[in-house]
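This report concerns only the one structure given below.
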Amino acid sequence: MITVKDLQEKNSADLAVPLTYTVFAMIQTARLALENDNGGVDDPSRLGSIAIVLELAESLAYTMGDGTEALQRAVNNAARAAAGVAA
């Protein structure tokens, strides 16, 4: 589970994996809400809520991407160091 404190204090590389699962769950929730026509909520409210969830998922995905890039750089640098090649 990701907390606001995590987002404020941890670097993006440490958050990449948990953010992946959080974003996946948010997108899945939005999809299920789109498929549910029997929720008792009018369409404008339902669609507005779905848009907010997807917008938040998009924002978290940017941090997830930054973390993934940082992890990829770390792996590449470690591979270069192991091979004796300068970074």
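Distance check, rounded to the nearest 0.5 Å: NZ of Lys5 to CD of Gln8 gives 9.5 Å.
Leu34 and Leu54 fall within a single hydrophobic cluster, where Ile, Leu, Val, Met, Phe, Trp and Tyr are joined by side-chain heavy atoms under 4.5 Å apart, directly or via other members. Tyr62 and Val23 fall into different hydrophobic clusters, where Ile, Leu, Val, Met, Phe, Trp and Tyr residues are linked whenever their side-chain heavy atoms come under 4.5 Å apart, directly or through other members. Leu7 and Met26 fall within the same hydrophobic cluster, where Ile, Leu, Val, Met, Phe, Trp and Tyr residues are linked whenever their side-chain heavy atoms come under 4.5 Å apart, directly or through other members. No path of Ile, Leu, Val, Met, Phe, Trp and Tyr side chains, each step under 4.5 Å between heavy atoms, connects Val17 with Ile2, placing them in separate hydrophobic clusters.
Between Ser45 and the choices Asp42, Asp43, Leu47, the side-chain contact (heavy atoms from CB on, under 4.5 Å) rule is met once, by Asp42. Paired with Ser12 under the rule side-chain contact (heavy atoms from CB on, under 4.5 Å), one option of Leu19, Asp66, Leu71, Thr68 passes, and it is Asp66.
Under the side chain to side chain donor-acceptor pair (under 3.5 Å) criterion, Asn38 pairs with no residue, sequence neighbours left out. Glu35 is linked by a side chain to side chain contact (heavy atoms under 4.5 Å, CB included) to Arg31, Leu32, counting only residues two or more places apart in sequence or in another chain.
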Could you walk me through whether Met64 and Leu60 pass the side-chain contact (heavy atoms from CB on, under 4.5 Å) check?
CA-CA 6 Å; Met64 184 176 68; Leu60 293 174; over 6 Å; no
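With no hydrogens or angles considered, no side-chain donor-acceptor pair links Asn76 and Arg73 at under 3.5 Å.
In this structure, Arg46 contributes its side chain and Asn36 its backbone to a donor-acceptor pair below 3.5 Å.
Within a 6.0 Å radius of CD in Gln28, other residues, nucleotides and ligands contribute more than 12 heavy atoms.
The minimum heavy-atom distance between Ala13 and Ala70, with the atom names listed, is CB-CB, 3.9 Å.
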